[in-house]
Amino acid sequence: MASIYLDDCAVDHRIVRPLRAAGHVLYLPSELGVGGQSDERHLITAAQLDAVLVTHNQQDVAPLHHRWQREGRSHPGIVLVRQQLDLGTKLAALHRVARLLTAEAAVNQLLELALFATEEQAEA
């Protein structure tokens, strides 16, 4: 099971409550005292917590991921979420991320939430 760090733009308590109720570990910037910080600060915090960073902010986080790769820096993984996804689809996919994504598979990966759209896709 992967721990999840929802950055500021991905926090939605309609998702947080059911994921936590299902037993998943979720970190929120506001609870950690890093709300409103830069994308890099969120990635650093997620790495310190060994949690996969979940974000809507593809335009900034993807280049950040590539820069970290060039610099030889490691992170526990990033999952990019499209904002236009409906709540039910997003919740189900994030549940699969938390349940099926392993630390070994996620490390230094930049993944789309769409990879977890179905159970079969997530298991692959």
Side-chain angles (χ1 to χ4, degrees):
M1 281 177 61
S3 297
I4 293 177
Y5 179 100
L6 295 173
D7 79 355
D8 291 318
C9 65
V11 172
D12 183 334
H13 290 284
R14 297 172 300 167
I15 291 172
V16 171
R17 283 186 204 100
L19 288 174
R20 283 183 169 166
H24 301 301
V25 176
L26 271 79
Y27 297 104
L28 308 181
S30 61
E31 295 174 351
L32 299 170
V34 293
Q37 299 292 315
S38 69
D39 293 315
E40 185 151 26
R41 178 75 251 167
H42 288 306
L43 185 56
I44 290 167
T45 303
Q48 290 170 338
L49 295 167
D50 199 28
V52 174
L53 175 67
V54 173
T55 184
H56 291 287
N57 196 358
Q58 179 173 350
Q59 70 275 6
D60 295 325
V61 175
L64 179 60
H65 160 77
H66 295 301
R67 180 169 56 82
W68 275 40
Q69 295 298 288
R70 286 190 308 275
E71 294 172 355
R73 296 170 75 180
S74 183
H75 62 73
I78 300 169
V79 175
L80 301 172
V81 179
R82 300 218 182 269
Q83 287 185 331
Q84 62 269 26
L85 280 179
D86 69 84
L87 183 65
T89 301
K90 190 182 303 185
L91 178 58
L94 285 172
H95 176 67
R96 285 189 279 277
V97 167
R99 189 169 44 85
L100 300 172
L101 188 61
T102 65
E104 297 80 24
V107 70
N108 294 322
Q109 297 298 310
L110 182 64
L111 306 165
E112 293 276 346
L113 187 64
L115 294 171
F116 300 87
T118 67
E119 195 77 15
E120 295 76 29
Q121 286 176 295
E123 289 175 350

Close side-chain approach of Y5 and V34, heavy atoms under 4.5 Å: yes

How about R67 and R73: do any of their side-chain heavy atoms sit closer than 4.5 Å? yes

Q58 side chain near E112 side chain, heavy-atom distance below 4.5 Å: yes

Considering only heavy atoms from C-beta outward, does the side chain of K90 approach that of R14 to under 4.5 Å? no

Only one of T55, V61, V81 passes side chain to side chain contact (heavy atoms under 4.5 Å, CB included) with C9; say which it is. T55

Please determine whether residues V79 and L115 belong to a single hydrophobic cluster, defined as Ile, Leu, Val, Met, Phe, Trp and Tyr linked transitively by side-chain heavy-atom distances below 4.5 Å. yes

Output a table of donor-acceptor pairs, distance under 3.5 Å, between side-chain atoms of residues 19-33 and any protein atom two or more places apart or on a different chain; print 'none' if there are none.
unit_1	atom_1	unit_2	atom_2	d
R20	NH1	E31	OE2	3.1
R20	NH2	L26	O	2.9
R20	NH2	E31	OE1	2.7
H24	NE2	H95	ND1	2.8

D39: side chain to side chain donor-acceptor pair (under 3.5 Å) partners, not counting sequence neighbours: N57

Calculate, to the nearest 0.5 Å, the distance between atoms CD and CG belonging to Q37 and D8 respectively. 8.5 Å

Verify side-chain contact (heavy atoms from CB on, under 4.5 Å) between R82 and L113, making sure each step is shown before the conclusion. CA-CA 8 Å; R82 300 218 182 269; L113 187 64; over 6 Å; no

Is the closest side-chain heavy-atom distance between L111 and L101 below 4.5 Å? yes

Taking the side chain as everything from C-beta on, heavy atoms only, tell me whether S3 gets closer than 4.5 Å to L49. no

Please tell me whether L80 and L85 are part of a single hydrophobic cluster in this structure, the criterion being side-chain heavy atoms less than 4.5 Å apart. no

So do V52 and Q109 actually touch side chain to side chain, heavy atoms under 4.5 Å? no

Once the angle between the rings of H65 and H75 is folded into 0 to 90°, is it parallel (under 30°), tilted (30 to 60°) or perpendicular (over 60°)? perpendicular

